[in-house]
Number of protein chains: 2
Amino acid sequence: MGSTGGRRERLRAETTAEIKQVALRLMASGGPDAITLRAIAREMGMTANAIYGYFATRDDLVTTLINEVYTALADAVDTAWANAPAADPAHRIQTWARAFRDWALANPEGFRLIYGDPVPGYQAPEGGAAPDAAHRVCTGIAALADAAWPHAEHLYAHSDFQWPDFDGGLLSKVRPAFPDLPPAGVALALRIWGHLHGLVSLEIYGHLQTQTISPDKLFQEELTQLVRSLGIKPEG
Amino acid sequence: MGSTGGRRERLRAETTAEIKQVALRLMASGGPDAITLRAIAREMGMTANAIYGYFATRDDLVTTLINEVYTALADAVDTAWANAPAADPAHRIQTWARAFRDWALANPEGFRLIYGDPVPGYQAPEGGAAPDAAHRVCTGIAALADAAWPHAEHLYAHSDFQWPDFDGGLLSKVRPAFPDLPPAGVALALRIWGHLHGLVSLEIYGHLQTQTISPDKLFQEELTQLVRSLGIKPEG
DNA sequence: GCAGAAACTATACGCCGTGAAGTTTAAATA
DNA sequence: TATTTAAACTTCACGGCGTATAGTTTCTGC
């Protein structure tokens with residue numbers, strides 16, 4: 001045995017957790033750029049090289065952080081979705097989208113870490129840094145599309161999407177969860193994702209502020225038009 | 001005199017141009033991260049510090065580059081818009097959007113430079129790095145909104161946008177160009193910008209590829225739904 | 001009690017931006 | 001033309017970075 005509960009293993013797990021926690025703290029205060037092995041080590045009273053005992057390389061650490069942060073985002077939007085009443089799809093969809101933006105505004109550096117160029121020379125591993133969390137978020141949006149599909153289906157009669165157009169890992173989550181959603185519905189989900197991502201990312205990166213004083217109002221308008229374009233009447 | 005045509009001034013202008021050109025070449029081949037003063041100088045057979053005679057700081061150089069690249073993007077989409085027949089708004093809007101995406105796919109590093117975290121510790125100057133080019137692009141999208149406004153207006157009867165909601169610099173370009181476009185139309189333009197930016201930026205940063213095999217088809221669907229949501233019939 | 005592994009440090013290399021000081025070169029002036 | 005001056009550029013230096021190598025301490029299992 002010795003694989004669990006050993007003193008050494010426990011210390012190791014604690015140190016690993018501390019490294020990640022310090023890295024996230026540095027990121028929150030100084031942006032993704034502030035995630036440097038030397039800064040983390042300094043904060044922990046160690047040498048930078050000591051970290052190599054826990055992460056093979058800086059990029060490995062960053063990938064782990066992306067996973068954790070992306071998972072936190074997925075948790076946030078999943079929770080918002082789960083807590084909104086299923087009987088009111090329009091409200092539920094807007095709640096999801098608002099949770100997405102709220103999380104991004106509360107964790108701008110995390111958003112940059114996930115969706116931007118995280119850290120100077122970082123190279124994501126093949127298949128993406130956090131494919132599971134990404135698929136979770138996409139599945140969340142597929143839930144929006146699924147909720148709206150009965151109302152919106154007629155708008156997509158022309159489209160010729162097929163299952164092979166999409167990633168297998170994504171479909172393995174989406175198809176069992178939403179057996180009635182056709183390929184065109186998944187495409188709709190990805191488009192909605194793009195719409196929301198675009199507005200939020202313009203805002204997070206400061207490009208919206210040079211155009212409008214009220215990104216809030218703009219996003220609210222987006223939500224209104226989103227449910228309208230899905231063929232759902234705004235709640236009320 | 002001496003302010004133009006002098007030998008010294010000419011050499012200076014040439015060197016400045018070469019610095020920018022080398023920087024852009026480095027960026028195209030190695031990403032924005034590859035824009036380092038030392039690499040540029042190495043390429044030019046100079047010392048890194050020599051560049052300080054032309055740009056006060058690395059961030060100044062980067063800001064200049066962002067301006068040039070952003071201007072190139074604005075030129076590309078403006079040209080596409082100007083060359084598309086005004087009589088077919090749907091086709092013209094799709095042409096603009098396709099030019100936007102095509103430019104991004106052809107210049108992914110430029111897109112990252114403009115819209116992402118360009119370079120390790122880069123801090124954009126106040127007011128944004130390239131406000132003029134940004135406003136030009138937004139004005140281009142305002143043209144899309146203006147072309148569609150007669151068809152789409154009824155969808156925005158509820159909205160309460162006012163002129164003060166928007167940036168003065170943007171409005172100083174948009175309002176003279178499109179005197180019939182109300183504040184809600186500018187909001188529509190920003191939303192369209194967000195939609196397109198989102199899809200393109202997910203694709204450029206590799207987040208779409210882990211979800212779908214055919215970003216092309218997805219974008220085409222976006223264009224179809226865009227003109228439909230604007231109340232314009234797809235051309236045919 | 002001791003072998004061995006795990007955790008960690010020390011040193012070093014080559015990258016980076018940038019400041020200070022010194023040198024060459026070309027233009028401006030007298 | 002001779003001298004001053006300023007621009008262009010180099011050299012050296014500092015502190016930051018990731019990380020490879022080698023050495024040291026400390027804990028664990030036999």
Side-chain angles (χ1 to χ4, degrees), chain A residues 1-20 22-23 26-27 29-65 117-125, chain B residues 1-20 22-23 26-27 29-65 117-125:
Chain A
M1 294 281 168
S3 70
T4 62
R7 182 179 131 82
R8 210 149 193 157
E9 282 78 11
R10 187 165 40 80
L11 286 177
R12 184 177 180 78
E14 280 170 10
T15 306
T16 307
E18 190 186 352
I19 292 171
K20 294 190 285 190
V22 169
L26 287 170
M27 182 192 73
S29 66
D33 284 1
I35 304 176
T36 72
L37 298 184
R38 295 182 122 106
I40 295 168
R42 214 179 294 130
E43 199 96 349
M44 294 177 65
M46 295 199 324
T47 309
N49 274 348
I51 298 178
Y52 282 88
Y54 300 88
F55 297 92
T57 183
R58 186 207 54 159
D59 280 13
D60 275 22
L61 169 59
V62 171
T63 299
T64 303
L65 295 175
D117 293 309
V119 149
Y122 176 74
Q123 282 278 18
Chain B
M1 297 277 169
S3 70
T4 62
R7 182 177 129 85
R8 208 145 193 157
E9 281 77 10
R10 188 166 38 79
L11 286 177
R12 185 175 179 78
E14 280 170 9
T15 305
T16 306
E18 189 186 353
I19 291 172
K20 294 191 284 187
V22 169
L26 287 170
M27 182 192 74
S29 66
D33 285 2
I35 304 175
T36 71
L37 298 184
R38 295 183 121 107
I40 295 167
R42 216 178 294 130
E43 199 95 350
M44 295 177 63
M46 296 199 324
T47 308
N49 274 348
I51 299 179
Y52 282 89
Y54 299 87
F55 297 93
T57 184
R58 185 207 54 160
D59 281 13
D60 275 23
L61 169 59
V62 171
T63 299
T64 303
L65 294 176
D117 294 310
V119 149
Y122 176 74
Q123 283 278 18

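In what follows, chains are A, B, ... by sequence order, proteins preceding strands, each numbered from 1. Note that these values count all heavy atoms, side chains included, but never hydrogens, waters or copies made by symmetry.
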Which heavy atom of [X] sits nearest a heavy atom of [Y], and at what distance?
X     : Y     : result
B:I35 : B:A23 : CG1-O, 3.9 Å
B:A56 : B:D60 : CB-OD2, 3.6 Å
A:F55 : A:T64 : CE2-OG1, 3.7 Å

Checklist line | Residue B:E14 excluded, over 12 heavy atoms near CD under 6.0 Å | finding: yes
Please state how far atom [atom1] in [X] lies from atom [atom2] in [N], giving the value in whole angstrom units.
X     : N      : atom1 : atom2 : answer
B:R10 : D:dA8  : CZ    : C1'   : 16 Å
B:I51 : D:dA8  : CD1   : C1'   : 13 Å
A:I35 : D:dG16 : CD1   : P     : 19 Å
A:E14 : C:dA7  : CD    : C1'   : 15 Å
A:D60 : D:dG18 : CG    : C1'   : 13 Å
B:L11 : C:dT25 : CG    : C1'   : 12 Å
B:E18 : D:dA8  : CD    : P     : 14 Å
B:M46 : D:dT11 : CE    : P     : 13 Å

Notebook entry, point to check: So what does B:Y54 hit on the nucleic acid, given a heavy-atom distance under 4.0 Å: a base, only sugar-phosphate, or nothing?
Noted result: sugar-phosphate
Item checked: B:T36 side-chain proximity, nearest of D:dT11, C:dG17, D:dC17 -> C:dG17
Next item on the list: Only counting residues at least two apart or in another chain, list the ones meeting side-chain hydrogen bond (donor to acceptor under 3.5 Å, both in side chains) with A:E43.
Entry: A:R25
Check: Can you give one letter per nucleotide of nucleotides 19-24 of chain D, 5' to 3': B if a protein heavy atom sits under 4.0 Å from the base, S if only from the sugar-phosphate, - if neither?
Finding: BBB---
Check: B:R12 side chain N/O closer than 4.0 Å to the phosphate oxygens (OP1, OP2) of D:dA8?
Finding: yes
Notebook entry, point to check: Counting just side-chain N and O atoms, does A:R42 come under 4.0 Å of either OP1 or OP2 of D:dC17?
Noted result: yes
Next item on the list: Could you tell me whether the side chain of B:T36 and the main chain of B:A39 form a donor-acceptor pair under 3.5 Å?
Entry: yes
Check: Can you list the residues that meet the side-chain contact (heavy atoms from CB on, under 4.5 Å) rule with A:A41, with sequence neighbours excluded?
Finding: A:M46, A:A48, A:I51
